[in-house]
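These numbers were taken from a predicted model, which means no experiment stands behind them.
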Amino acid sequence: MNTQISVLLFGITRDLTGQSAVTLPLTEGARVSDLLESIHAQFPDLARIRSMMVAVNGEYAEPDLALSSSDEVALIPPVSGG
Amino acid sequence: MNTQISVLLFGITRDLTGQSAVTLPLTEGARVSDLLESIHAQFPDLARIRSMMVAVNGEYAEPDLALSSSDEVALIPPVSGG
Amino acid sequence: MVSITSDPIDVSSALTLLQSDQAGAIDFFLGMVRDNTQQRSVDHLEYEAYDRMAISEMRKIVEQAREQWTILKCVVVHRKGTLRVGEIAVLIGVSTPHRADSFDACRYIIDTIKQTVPIWKKEVFTDGETWVNAHP
Amino acid sequence: MVSITSDPIDVSSALTLLQSDQAGAIDFFLGMVRDNTQQRSVDHLEYEAYDRMAISEMRKIVEQAREQWTILKCVVVHRKGTLRVGEIAVLIGVSTPHRADSFDACRYIIDTIKQTVPIWKKEVFTDGETWVNAHP
């Protein structure tokens with residue numbers, strides 16, 4: 001069964017996509033690395049950003065973390081606060 | 001010819017002497033070390049203070065600096081500002 | 001106390017929050033918007049935050065600081081939105097019994113904020129704009 | 001700007017003096033009167049200064065800091081007279097283009113003030129009093 005997952009976009013990722021969130025299909029058992037791959041396929045410009053991180057439910061996530069459609073997922077491009 | 005020199009006292013030196021300045025005789029060619037010696041003779045309690053410094057005209061002075069009666073001299077007990 | 005605000009940051013209110021009868025030292029760090037970066041003239045900055053996560057990451061940093069130094073009170077306020085030259089972008093305030101701890105903790109907090117907290121700064125120049133650290 | 005005052009020290013006025021369009025960082029150190037020292041309960045402090053020399057020594061320290069770090073503006077204010085618990089005894093503020101300089105310069109200035117500036121602090125306890133560092 002295919003579900004969907006929504007991904008929040010900030011900063012340069014929002015500017016490059018023109019959207020503050022994108023919705024992507026989520027296959028059963030998909031991991032963070034799979035999600036990044038399908039985002040890069042849909043928005044090749046994002047693949048050019050060095051050291052992109054992913055947050056799941058407000059915490060930095062490792063590439064092998066499994067996702068569920070109820071997760072709050074965000075792309076975290078290099079931060080520059082302060 | 002003997003003249004006099006006035007010495008400003010602060011903090012613990014003022015408390016121990018009960019005065020904010022003392023006047024001492026100044027012999028021709030007297031140096032900072034001579035002045036300290038005569039102060040200690042007059043106020044033996046002051047000799048108990050570790051690392052007493054002397055300022056002449058608002059600058060820390062070496063023991064061998066020669067004094068003149070027009071100098072502004074001050075005893076500088078260990079500082080504790082900040 | 002950790003917060004993100006769209007309003008100007010007020011140092012006096014932060015000082016009130018840091019007061020403690022046991023405090024012998026307070027260190028404040030203010031990150032300011034300056035008028036140039038790498039010789040380019042800055043018109044203004046745009047700060048954007050993933051608020052929920054930024055708050056939680058800043059709280060973690062304060063906890064890490066509390067494990068390393070004796071801290072009485074700590075205030076972290078980060079601004080977001082449009083900031084003009086001369087405005088305060090971030091304030092870190094730390095009160096401690098002894099002064100070395102206040103400097104060390106304050107410095108640790110700002111250094112770590114710049115590495116891990118999901119807040120992004122866009123420099124808007126008179127002739128273009130850049131997302132700092134991220135522009136491809 | 002270096003000064004000695006009998007009035008309460010105001011952080012907001014100091015901030016105004018430190019403002020500069022080139023400033024990316026401001027560090028403030030506040031030395032506070034705390035309610036105890038070595039387990040003895042402090043009622044109040046008495047600060048006394050050799051004003052003329054204290055100002056000149058503080059100016060030297062600021063000059064030494066300016067030789068070591070890139071400083072835009074610097075404020076040093078030391079209080080004298082009777083201070084109650086929670087009051088500010090000394091304020092050091094430094095604005096710099098980059099943050100490391102603001103911390104390093106501020107810390108150098110307070111550390112050196114404590115070593116060389118002719119200002120004396122008497123701690124008045126509920127059961128006695130001591131000139132700090134100097135009591136025989």
If you look at every heavy atom in [X] and [Y], which pair is closest and at what distance?
| X | Y | answer |
| --- | --- | --- |
| B:P78 | D:A134 | CD-CB, 4.0 Å |
| B:A55 | D:M53 | CB-SD, 3.4 Å |
| D:P118 | B:I76 | CB-CD1, 4.1 Å |
| D:T116 | B:V79 | N-CG2, 4.1 Å |
| B:S80 | D:N133 | CB-ND2, 3.9 Å |

| Would you say D:H78's side chain and B:G81's backbone share a donor-acceptor pair under 3.5 angstrom? | no
With a 4.5 angstrom heavy-atom cut-off, could you sort out which part of [X] is near chain B: side chain, backbone, both or neither?
| X | result |
| --- | --- |
| D:E46 | neither |
| D:K60 | side chain |
| D:V132 | both |
| D:K121 | both |
| D:E129 | side chain |
| D:A49 | backbone |
| D:Y47 | side chain |
| D:W120 | both |

| query | Should the heavy atoms of other residues, nucleotides or ligands under 6.0 Å from CD of D:Q19 be counted, would the total exceed 12? | reply | yes
| query | Near D:Q64 CD, under 6.0 Å, is it more than 12 heavy atoms from other residues, nucleotides or ligands? | reply |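 It does: D:Q64 CD has more than 12 such atoms within range.
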| task | Please examine the side chains of D:S56 and B:E59, heavy atoms only from C-beta on, and report whether any two atoms are closer than 4.5 Å. | result | yes
| Just wondering, do B:L8 and D:R52 contact through their side chains at under 4.5 Å, heavy atoms? |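 No, their side chains stay 4.5 Å or more apart.
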| query | Which region of B:D15, side chain (C-beta onward) or backbone (N, CA, C, O), has a non-hydrogen atom less than 4.5 Å from a non-hydrogen atom of chain D, or is it both or neither? | reply | side chain
